[in-house]
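To keep things clear, I will list the structure first and then write my remarks on it.
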Amino acid sequence: MDILRNLNKAQKMAVETIEGPLLILAGAGSGKTKVLVSKAAYLLQEKIVKPGNILAITFTNKAANEMRERMEKMTGISSRNMWIGTFHSICVRILRRESEHCAFDSNFVIYDDHDQQVLIKKCLQELGFDDKKYNARAVSANISKAKNLLLTPYMYLTEASNEWEENIGKIYELYQKRLANNNAVDFDDLIMCTVKLFEQNPQVLQIYQNRFQYILVDEYQDTNTSQYTFINLLAASKKNICAVGDPDQSIYGWRGADIKNILSFEKDYENCRVIKLEQNYRSTKNILSASNSVIANNIQRKEKDLWTEAEDGELIHYHELPDDRSEAAFVVETIELLRRMHGYEYKNFAIIYRTHTQSRVLEDALVKYKLPYKIFGGQRFYERKEIKDTLAYLRLLINPTDEIALARIINEPKRSIGASTWQKLETSARAKDISVYNALDDEATLDTLTPSARKNVLGFYNMMEELKNKVNKISMAELLNELWQVTGYKKALEENDPIAGEARLENLMEFVAAAVDFENTAKLAEVSDEEDALANEATLENFLAQISLATDMDNWEDNQNFVSLLTMHATKGLEFPVVFMTGLEEKIFPHSRSLLDETEMEEERRLCYVAMTRAEKLLYMTRAKSRNIYGNYQSMQESRFIKEIPETYLDAHCIDFAPIRSRYEYKNLDKTNHLFTGRAKPNYQGNTNVQLINIGDKVQHAKFGVGVVVQVQGKGDDIQLNIAFPGQGIKVLMQKYAPLKKV
DNA sequence: ATACCATTGTTTTTT
DNA sequence: ACAATGGTAT
């Protein structure tokens with residue numbers, strides 16, 4: 001019995017307990033993933049459970065992919081029919097199949113954060129609310145909170161106790177209506193709609209209850225009310241639910257996660273078994289002891305005893321630096337030192353921080369030192385303008401009622417369909433109660449436009465109609481190329497901005513690659529999968545859904561060699577030989593917004609615990625005495641979390657200003673012929689105009705065209721160029737700012 | 001209709 | 001410091 005061989009006693013018991021409710025309290029680094037994978041494998045191989053009867057829910061796509069891969073490797077059984085995914089992806093799948101019971105069609109689109117804000121702003125306008133008092137961000141946070149608690153607009157309005165809440169309720173109500181008009185849902189809807197679907201259609205719920213005989217839930221401590229309800233509905237009949245989590249790692253309270261869900265699991269399920277995994281296989285004794293000391297300061301907590309057989313290891317390295325730039329330089333120099341002297345590789349390092357903004361200084365330092373790195377944060381690739389534009393086109397093709405998408409691209413590239421024309425279209429569409437897209441070829445609507453606008457609008461409409469006919473008939477790559485061609489998008493990129501356009505075109509190519517990849521994977525699945533063909537089909541709808549739910553954490557590739565930069569939240573579930581925790585300062589970490597609230601402070605402390613326990617061998621903690629915030633320097637106090645680590649585990653250093661400072665001031669690095677020459681190629685794409693330009697060179701400028709350099713002044717970062725552009729005279733340009741390219 | 005400038009808010013964390 | 005917005009000039 002291979003599956004059980006490499007497990008300790010508690011782990012083995014957790015795997016073998018398969019009937020009835022089971023709670024696994026898994027401390028950091030206790031082999032949680034291993035247990036989950038083994039359990040799924042055990043069910044399939046030893047208990048002959050069909051893959052289709054297992055539902056495994058993880059917190060991230062990355063965790064889902066990892067589970068899938070490891071399980072297939074362990075058993076050799078295809079996991080294709082097994083439902084593994086995040087709450088969101090599982091719910092999309094269910095909603096697509098059951099859309100007949102819902103307020104939308106099966107080709108619904110998923111609005112991201114940005115689309116959501118745009119729509120809320122429109123609602124605010126429509127209702128005549130002051131968008132200063134009701135800013136879109138705050139409103140969407142409130143709506144999200146309501147949805148996480150499964151409150152419909154009606155319920156919210158009923159419970160509203162003041163004017164603000166009443167108005168939020170009204171906005172919420174209209175927002176839902178507009179979403180329905182656009183055949184769109186937001187992230188929170190995915191879960192809430194599925195729960196409502198189950199509650200209102202017992203016969204549908206029953207189908208899924210019968211199907212999912214075994215349910216595994218990862219990171220149970222981070223479930224919110226709607227997710228909790230979703231799980232409970234599904235598990236209600238068979239009660240074969242296995243929840244895995246660690247209350248000490250609950251860090252998503254701000255997103256509605258309720259730590260009570262895991263704490264009351266035993267009350268929720270009678271005859272529940274509880275298994276604790278307390279042996280840590282990840283970190284050294286010192287790292288573990290230090291982490292345990294910090295988390296012990298939380299009052300609201302179940303005692304837990306995490307231990308390890310590992311050696312003591314080095315003490316926690318704590319360094320105080322004069323400012324944020326020296327902090328960054330220190331981190332980068334230390335990485336390079338460890339790499340050269342102690343045989344670490346770039347991929348062994350993680351630099352982590354509390355907020356994304358902190359990454360900028362660190363990135364600067366990495367660029368200067370020429371280290372390869374990758375920043376993980378949000379959905380950067382899919383948020384690029386050219387990608388979002390393309391997505392808007394695609395969304396419109398499958399769902400013409402999507403007005404947010406239409407508004408985005410109707411005049412992108414420029415087709416002389418401006419704000420006033422849009423206004424007329426929208427007014428007319430509202431009056432006739434049709435979508436704006438349908439108004440585009442409505443005679444009465446067109447009559448309200450100027451002749452030239454009419455021509456442009458019709459041209460756009462016909463173009464889109466022709467593209468629409470090709471959807472799901474030609475390959476994704478063909479469709480994309482055709483789209484960029486006929487819409488003139490590619491041409492506009494090339495012409496308007498030859499320099500930046502090139503990078504954008506590369507992104508578009510990367511997008512094609514992603515599409516082709518999706519198509520291939522999905523086609524593979526179609527062949528082998530009778531049961532679930534619909535959900536895996538290589539359709540544009542499914543491709544878009546996958547993208548909406550994708551993050552750049554998903555494509556984490558272990559074989560690539562770079563330093564990882566990420567937020568503390570994003571590190572959950574990951575581990576690194578060497579971890580740098582930066583910005584250990586009051587107001588940064590713990591964050592200023594949590595200083596006054598004891599509950600929030602405890603969540604910050606759990607976050608600290610999560611971050612510290614990511615480290616296997618070495619843990620560095622750093623802080624700056626002074627930090628650039630909102631553009632000017634502020635003096636910072638040491639984080640309380642440092643004070644909570646007993647001195648016996650700490651090796652503290654304070655690096656003051658001169659003369660040591662120069663060592664950590666990377667500005668002068670080249671001149672002093674420092675020990676680091678940097679061999680690796682950075683994957684930094686930003687400032688690529690570090691090119692040698694001399695008098696007489698021909699250069700291409702984004703706006704002025706081709707010119708000849710007639711004079712070069714200054715040096716280093718401040719090179720000033722005088723360039724003669726035929727017919728436009730001599731322009732004086734700063735090389736670092738000017739969009740220039742040598743020709 | 002567009003391009004440019006001034007002003008504003010924005011910074012927690014994410015599917 | 002920066003991005004996003006809104007207003008004004010072309």
> Which residue lies toward the 5' end of DNA chain B, A/Thr421 or A/Thr567, if each is placed at its nearest nucleotide?
Replying inline: A/Thr421

> Can you tell me how far C1' of C/dT5 sits from CD of A/Gln117, to the nearest Å?
Replying inline: 14 Å

> What nucleotide, of B/dT11, B/dT13, B/dT15, holds the atom closest to the side chain of A/Thr86?
Replying inline: B/dT15

> To the side chain of A/Asn135, which of B/dT10, B/dT11, C/dC2 is closest?
Replying inline: B/dT10

> Please give, in whole Å, the distance from B/dT2 C1' to A/Asn456 CG?
Replying inline: 15 Å

> Taking the six-membered ring of A/Phe108, is NZ or CZ of A/Arg96 closer than 6.0 Å to its centre and within 45° of its axis?
Replying inline: yes

> Between B/dT14 atom C1' and A/Lys145 atom NZ, what is the distance in whole Å?
Replying inline: 16 Å

>> Taking the P atom in each of B/dT13 and C/dA4, what is the distance between them to the nearest angstrom?
In response: 15 Å

> Roughly, in whole Å, what's the span from CD1 in A/Ile120 to C1' in C/dT5?
Replying inline: 17 Å

>> Closest approach to the side chain of A/Asn628, judged atom by atom: which nucleotide of B/dT13, C/dA1, B/dT15 is it?
In response: C/dA1

>> Both A/Glu600 and A/Gly418 contact DNA chain B. Which one's nearest nucleotide lies toward the 5' end?
In response: A/Gly418

> Expressed in angstrom and rounded to an integer, what is the separation of A/Gln634 atom CD from B/dT11 atom P?
Replying inline: 17 Å

> How are the rings of A/Phe198 and A/Tyr208 set relative to one another: parallel (under 30°), tilted (30 to 60°) or perpendicular (over 60°)?
Replying inline: tilted

>> Any base atoms under 4.0 Å from A/Asn411, or only sugar-phosphate, or nothing? Heavy atoms, all strands.
In response: sugar-phosphate

>> With a 4.0 Å cutoff (strictly under), does any side-chain N or O of A/Lys121 reach OP1 or OP2 of C/dT5?
In response: yes

> Rounding to a whole Å, what distance do you find between A/Arg627:CZ and C/dA1:C1'?
Replying inline: 15 Å

> Under 4.0 Å between a side-chain N/O of A/Arg137 and OP1 or OP2 of B/dT11, yes or no?
Replying inline: yes

> When you look at A/Asn142 and A/Tyr172, which way does the side-chain hydrogen bond (donor to acceptor under 3.5 Å, both in side chains) test go after all the steps?
Replying inline: CA-CA 9 Å; A/Asn142 276 281; A/Tyr172 180 15; over 6 Å; no

> Base, sugar-phosphate, or nothing: which does A/Ser420 touch, judged by heavy atoms less than 4.0 Å apart?
Replying inline: sugar-phosphate

> At under 4.0 Å between heavy atoms, what does A/Asp188 touch on the DNA or RNA strands: base, sugar-phosphate, or nothing?
Replying inline: nothing

> In whole angstrom, what separates A/Leu574's CG from B/dT14's P?
Replying inline: 12 Å

>> Counting the benzene-type ring for Trp, do A/His569 and A/Trp254 have ring centres under 6.0 Å apart?
In response: yes

>> Between A/Phe59 and A/Tyr252, is the ring centroid distance below 6.0 Å?
In response: yes

> Regarding A/Arg606 and the six-membered ring of A/Tyr609, is the cationic atom NZ or CZ under 6.0 Å from the ring centre and inside 45° of its axis?
Replying inline: no

>> Nearest whole Å is fine: how far is C/dA1 P from A/Arg325 CZ?
In response: 11 Å

>> Taking only side-chain N and O atoms of A/His356, does any of them lie within less than 4.0 angstrom of OP1 or OP2 on B/dT14?
In response: yes

>> Applying the 5.5 Å / 30° rule, does A/Trp254 stack onto the base of B/dT13?
In response: yes

> When we call it a touch if two heavy atoms are under 4.0 Å apart, what does A/Phe87 touch: a base, just sugar-phosphate, or nothing?
Replying inline: nothing

